[in-house]
Amino acid sequence: MRTSQYLLSTQKETPADAEIVSHQLMLRAGLVRKLASGLYTWLPTGLRVLNKVSEIVRDEMNKAGAIEMLMPVVQPADLWQESGRWEEYGPELLRIKDRHNRDFVLGPTHEEVITALVKNEISSYKQLPINLYQVQTKFRDEVRPRFGIMRSREFTMKDAYSFHIDNDSLEKTYQDMFQAYCNIFERLGLEYRPVIADSGSIGGAVSHEFHVLAESGEDAIAFSDSSDYAANTEMAEALAPAGEKPTGTQTMSEVATPNVGTIEQVCAHFDVTAEQTVKTLIVLAQQQDDQPQGLVALVLRGDHQLNTIKAEKLAEVHAPLTLASDDAVKQMLGCDIGSLGPVGLTIPVIVDRSAAHLADFICGANKTGYHLQGVNWQNDVGEIQQADIREVQAGDPSPDGQGKLEIKRGIEVGHIFQLGDKYSSAMGCGVLNEQGKHQILTMGCYGIGVSRIVAAAIEQNHDKYGIIWPDAIAPFKLALIPMNMHKSHRIQEVAETLYEKLTAAGIDVLFDDRKERPGVMFNDMELVGIPHTLVIGERNLDENKVEYKSRRSGEKQLLDIDNVIRFITQL
RNA sequence: CGGUGAGUAGCGCAGCUUGGUAGCGCACUUGGUUUGGGUCCAAGGGGUCGCAGGUUCGAAUCCUGUCUCACCGACCA
């Protein structure tokens, strides 16, 4: 490709509304342009990268025995009504009507379509297992699209769905997919980790996310410092502190604490650390039929944070988790939220394991302006219900019993899970088994955020000059930069010849034949992130040499012109 | 949805307080100059100042409404 016949579209200045590096560089290097919030046009350079990523994904999926197909973006609403997700999915599901006023959705995912298809196409256990996938556009009407392509509303996803007669078969395909995903991220040249994940409300126990590690990641991942254990913090189990539960020695007493509400103020007032205090959060209870809305108290150690996902899984708690309003608390419990505590509450109380491990602690007195000190569960509260409801933090013991947890940030680029029969049973998708009986299938599903990988790769591979693509997904492998070609026939001749030969050798080369000064070319090629550069200049031509430069290491070396093709091919 | 901020040329911004019909840098066009790291000089082209309404002789500027965009958002108990 010649720059003179290409759309490079680089920019010197960073657009004002781009917050993270990958977004800024994608705009500056001319990979994407925003059309509207969460909607992006892929420019030629960006599309080249996107296509390289999809090709690697396809290749590994095919090798793992999956079969490519393609389903429509627009899907009829009745499929979603059948699966129950028409009501369940919420406002992220963009609903549209056609000219006949029939309901459709813009597909955020394709379980319904594939299940309906398999129901019709597959009728015997002999055709199983089968794993079908597509690389396709998805639409999710995100509340807040952000970070450019990282969380956009329209995006490219590889989604695969496998169908099985039993769980053993599902388990095997799941393992194959796990391995295929590792291969994919390995080949993409990214630093990644598979982590244990929340399978959501979908049921089916097993689920893994694949994260690319990056500071700007939206997810927190907990790692053991001495084993393979890695889990999304949503999922990572928080163990009770090690050792015997301390025995209380104090007797509970009430202390006037005017204007003391936050844990920070409590600590200051009593001159203790947050580890000796307890905080009480009041949330809405799971609604019982015909009963008025109840409340539930969640009790945590002062220095701990509530984990919403864990709390929502409790039968007593309303999902999605909703904090009771200040007014509701005041009305039902008779005090300000800053003075709440577990002692003497008439609503259900659920205590985090770490909080339950405390003795002689401090908490609110359920009386505005008063706290209790020297509180002990056994004496002052009685039998309590314990649960793991807190967020793990760095330094906590690893749930697998080996080492301590570290917390790092990651970008979720892949998610695999065992779905079970949620969709197949809702939609009656089954086959005749060996006994000639109709049997509902069990399913797995496996997603990769293809467009998100492009952004994630940049987050992990850039410097102050621009992007540094891993070779496998670079838009071009090589930049050919002639110095002042328009003044020198000799340079032009060498450049043209090299360009022809390199192209003939199957190398993706971008030949900068613009009438620009060298500095402009260098800067553009570095911004775009092309991994390898050849510079052709008068100086070296006298020796029959050209200069090679690596984008990543910055290392330069002179090459004999005759050796260029071989050298570049071997990179 | 709540909070904050922003909409003026393709991009980055000034002008608005104190109304008088729009400007700077980059990019673009033309000519010259320069040529191993975003040369320099000159001359140009390009904007219904987000949209609608109002006040006024006159509105980018003041008022009202509206749309769009970005960032932040249980973690207070």
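Just so you know, these numbers use all the heavy atoms, side chains as well, and skip hydrogens, waters and symmetry mates. We name chains A, B, ... by the order of the sequence lines, and we start the count at 1 in each one. Remember, predicted model here, so these are calculated numbers, not experimental data.
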Return a single string for nucleotides 70-77 of chain B, one symbol per nucleotide in 5' to 3' order, where B is base contact, S is sugar-phosphate-only contact and - is none, cutoff 4.0 angstrom on heavy atoms. SBB-BBBB
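- Contacts of A/K556 with the nucleic acid, taken as non-hydrogen atoms under 4.0 Å apart, are absent.
- The CG-P distance, from A/L35 to B/C69, rounds to 10 Å in whole Å.
- Atom-to-atom, CG of A/N523 to P of B/U39 comes out at 9 Å; the value is rounded to the nearest Å.
- In the interface, the side chain of A/K549 is paired with the base of B/G37 through a donor and an acceptor atom under 3.5 Å apart.
- Picking from B/C11, B/G37, B/U34 the nucleotide with the shortest atom distance to the side chain of A/Q11 gives B/C11.
- For the C1' atoms, the distance from B/G15 to B/G53 is 24 Å, rounded to whole Å.
- The gap from the P atom of B/U66 to that of B/C1 amounts to 13 Å, rounded to the nearest Å.
- You'll find the ring centres of A/F361 and A/F270 outside the 6.0 Å limit.
- A/S216 pairs in a side chain to side chain donor-acceptor pair (under 3.5 Å) with only one of the listed residues (A/R409, A/E459, A/H23), which is A/E459.
- In this structure, A/E13 places its CD atom 11 Å from P of B/C11, rounding to the nearest Å.
- Nearer the 5' end of RNA chain B, as judged by each residue's closest nucleotide, is the contact made by A/P15, out of A/P15 and A/E538.
- Side chain to side chain, A/H415 and A/S207 meet the donor-acceptor criterion of an N or O pair below 3.5 Å.
- Nucleotides B/U18 and B/G2 place their P atoms 32 Å apart, quoted to the nearest Å.
- B/G47 and B/C24 have their C1' atoms separated by 14 Å, with the value rounded to a whole Å.
- With both pairing distances under 3.5 Å, B/G38 is matched to nothing as a Watson-Crick or G-U wobble pair.
- Look at the C1' atom in both B/C67 and B/G23: the space between them is 27 Å, to the nearest Å.
- The same atom, P, is picked in B/A9 and in B/U61; the two are 15 Å apart, to the nearest Å.
- For the pair A/R95 and A/W86, the distance from NZ or CZ to the six-membered ring centre is under 6.0 Å and the angle to the ring normal is within 45 degrees.
- As a whole-Å value, the separation of A/M521 CE from B/U39 P is 11 Å.
- An OP1 or OP2 oxygen of B/G36 is reached within less than 4.0 angstrom by no side-chain nitrogen or oxygen of A/R539.
- Taking the six-membered ring where tryptophan is involved, the planes of A/W80 and A/Y89 are perpendicular, since the angle between them exceeds 60° and thus also 30°.
- The base of B/G38 is not paired with the side chain of A/E516 by any donor and acceptor separated by under 3.5 Å.
- Rounded to an integer number of Å, the gap from CG of A/L39 to C1' of B/U68 is 13 Å.
- The CZ-P distance, from A/R28 to B/A27, rounds to 13 Å in whole Å.
- In this structure, A/K12 reaches the B/A27 phosphate: one of its side-chain N or O atoms is under 4.0 Å from OP1 or OP2.
- Across all strands shown, A/E547 has heavy atoms under 4.0 Å from base atoms, whether or not it also approaches the sugar-phosphate.
- Salt-bridge check for A/D336 with A/K330: passed, with a basic side-chain N closer than 4.0 Å to an acidic carboxylate O.
- For A/D524 and B/G37, a side-chain-to-base donor-acceptor distance below 3.5 Å is absent, hydrogens and geometry of angles not being considered.
- With a cut-off of 3.5 Å on both pairing distances, the Watson-Crick or G-U wobble partner of B/G5 is B/C69.
- Cation-pi contact between A/K556 and A/Y548: absent, since separation from the ring centre below 6.0 Å together with deviation from the ring axis within 45° is not met.
- Spacing between B/U64 and B/A27 at atom P, rounded to whole Å, works out to 41 Å.
- Rounded to whole Å, the P atom of B/A14 lies 32 Å from the corresponding atom of B/U30.
- Checked for salt-bridge contact, A/E526 and A/K549 meet the test: a charged N lies under 4.0 Å from a carboxylate O.
- Between A/L8 atom CG and B/A27 atom P there is a gap of 14 Å when expressed in whole angstrom units.
- If you take CG of A/L7 and P of B/C28, they are 13 Å apart, rounded to a whole angstrom.
- Between A/K367 and A/E254 a salt bridge is recorded (basic side-chain N to carboxylate O distance below 4.0 Å).
- Across every strand in view, B/U17 sits unpaired, with no contact that passes the Watson-Crick or G-U test at under 3.5 angstrom.
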